[in-house]
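Okay, so here's the structure we're looking at.
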Protein chains: 2
Amino acid sequence: MEDTNRQVRLASRPEGMPSTDDFETVETDVPAPGDGEVLVRTRYLSVDPYMRGRMRATTTYHEPWAVGEVLEGGVVGDVVASNHPGVAAGDVVTGRLDWADYGVADGAELTPVDPDLAPVSTALGVLGMPGRTAYFGMLDVAEPRPGDTVVVSGAAGAVGSVAGQIAALGGCRVVGIAGSAEKVAYLTEDLGFDAGVNYRRDEYPADLAEACPDGVDVYFDNVGGEVTDAVVPLVNDRVRIALCGQIALYNEEETPQGPRHFLKLSRTQCRVRGFSVRNYQDRTREANERLADWVRAGELEYRESVVEGLENAPEAFLGLFRGENVGKQLVRVRA
Amino acid sequence: MEDTNRQVRLASRPEGMPSTDDFETVETDVPAPGDGEVLVRTRYLSVDPYMRGRMRATTTYHEPWAVGEVLEGGVVGDVVASNHPGVAAGDVVTGRLDWADYGVADGAELTPVDPDLAPVSTALGVLGMPGRTAYFGMLDVAEPRPGDTVVVSGAAGAVGSVAGQIAALGGCRVVGIAGSAEKVAYLTEDLGFDAGVNYRRDEYPADLAEACPDGVDVYFDNVGGEVTDAVVPLVNDRVRIALCGQIALYNEEETPQGPRHFLKLSRTQCRVRGFSVRNYQDRTREANERLADWVRAGELEYRESVVEGLENAPEAFLGLFRGENVGKQLVRVRA
């Protein structure tokens, strides 16, 4: 390897909304794979809201990153060298790897990507962790029934767009909440949602009520905060709420205040469940196959927002919190 | 019947905390039972927090009362006259009846009370709706496992005291939250709770954390509001929360503000469920038999707070919101 390896590291723990100063790009040597390990050259990085949690000093889903440590996340890349019998140089793989030009991982932890199925970047989106999150969250956690009114927040995002389409495939009336008129048009015109509501409008609560004339039976929540505050007053008896994410709150340093929802949820005999795709690792294959079938059949649309260049990965991450992405936010490190 | 019949009626819809002016006691004739109906002379009235909801103009669990309408609730009384083949004069029965000296009900809607099993008043408490609420809420909704830390709010009340004891019978570590040092002593000394915490102390959140060194696996909530705010930060992964009641919020006219709990609940993969005992009507007999077995065996303690006189029923109701009762709040109308 004559190449050098750029890594994106945590320069400081953000307080509130992160800035690019909280990240640094450092040049280092290309790592050498050890026994059973594989060297991967990055094509795409996945940029995900949950990563904000790892920038704190406390453990949420994952161990926190140390200041100065290289970030890691979902990567699709090419195998450059392999010390693992199941992986060969030239394979396209996906796995949890450094935010870097090159990364090393245990070959057993990598998953092959089929370039003939769909663009390899989809292994980080509709056919990857976000797609599976939507699949399990909607089908196992939210459990919509045909005819239900299903509301999805963050509906134009990587998870929400898939979650809403899965509900629509199941015969539900699907209402998406997103942050711009363009996104709302994407929901109704491209994704087949029955209605879309722009939460940045002053009339948002009234718009949402109008879009849900029979109330809300299922709420798939990626956002939380004020977006959710307009949903709760509309819920029907026996509402099911799948708490997937709360991106509106991830940059808060103190527990924010808002309306108390438990009285309404108590009276409606709600069922609220938080979940993580990590609970469903034994069913990864099932979800991947079903999602791939839908994509092949043209029943599941997806979009990607691609930022060019590893050095722009922090900016792409910050964009998630400004709602800049439509569909899956990726960084293309190498074409 | 030469007797007259006093009825407690809704004089006006309360705003916020009700006052005795919102009620009026009116003398009227003793009603005559129609076909299939039974005339019952009241011994005890049940005083329940959920009744606050029926004083509003909007439907919660039940239809609202009209202003001027007689209140109704759980009653134990003696059958004076019966036009129903399954009920005879002299029987002791329980059912939903007027807050009055006398009431009429469809004989099919009344349940016989066995005076040899326990004092008949228990048909409104440990062996009645509150006992069954605790039974189904703890065993079916909260689903504690042996060794779990189970926190119960309103723990000295009619439902909470039973819920906590059921969890203790199931091998859990039970921590009760109540509103006075006397109640806390009742929990730990008489009911066998492992710990009790007084939410009126300034140190309440720290006291609760100290009482739950391994966090909280199950929370059976009768209270909500600030009482719950101290519980949520302590919850463990996969916490189960049974929302039974939110008495702290029942007198609020606007949705009150408080900390947003969904971020914590999302990350811990919570399961929050509201429930009503009315969902379990097909299992009433099962619950009644099991509760009676526990009472007979001395495994389930109970206490009653009895106010004397129908005319004092409104005051007894208001006392619920001031936390005056220990165990089941009753009004004795006739000895």
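Atom set for the values below is all heavy atoms of this structure, side chains included, hydrogens, waters and symmetry mates excluded. Sequence lines set the chain letters: A, B, ... in the order given, protein chains first and strands last, and positions in each chain run from 1.
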Contact winner vs chain A - B:L249, B:D237, B:V141, heavy-atom pairs under 4.5 Å: B:L249

Option in B:A242, B:G225, B:G224 with maximal non-hydrogen atom pairs under 4.5 Å from chain A: B:G225

Within-4.5 Å side-chain heavy-atom neighbours: [X] and [Y]:
X: B:C270; Y: A:R273; value: no
X: B:N279; Y: A:R238; value: yes
X: A:Q246; Y: B:K264; value: no

Take atom [atom1] in [X]; do more than 12 heavy atoms of anything else shown fall under 6.0 Å from it?
X: A:E143; atom1: CD; result: yes
X: B:E286; atom1: CD; result: yes
X: B:R285; atom1: CZ; result: no
X: B:E324; atom1: CD; result: yes
X: B:E15; atom1: CD; result: no

From CZ (B:R260) to OG1 (A:T228), nearest 0.5 Å: 8.0 Å

Inter-residue atom distance A:Y50.OH - B:S266.OG, 0.5 Å rounding: 14.5 Å

Distance-minimising heavy-atom pair for B:S276 and A:Q269: CB-NE2, 3.8 Å

Candidate list A:V272, A:I241, A:L265, test side-chain contact (heavy atoms from CB on, under 4.5 Å), partner B:V272, passing option: A:V272

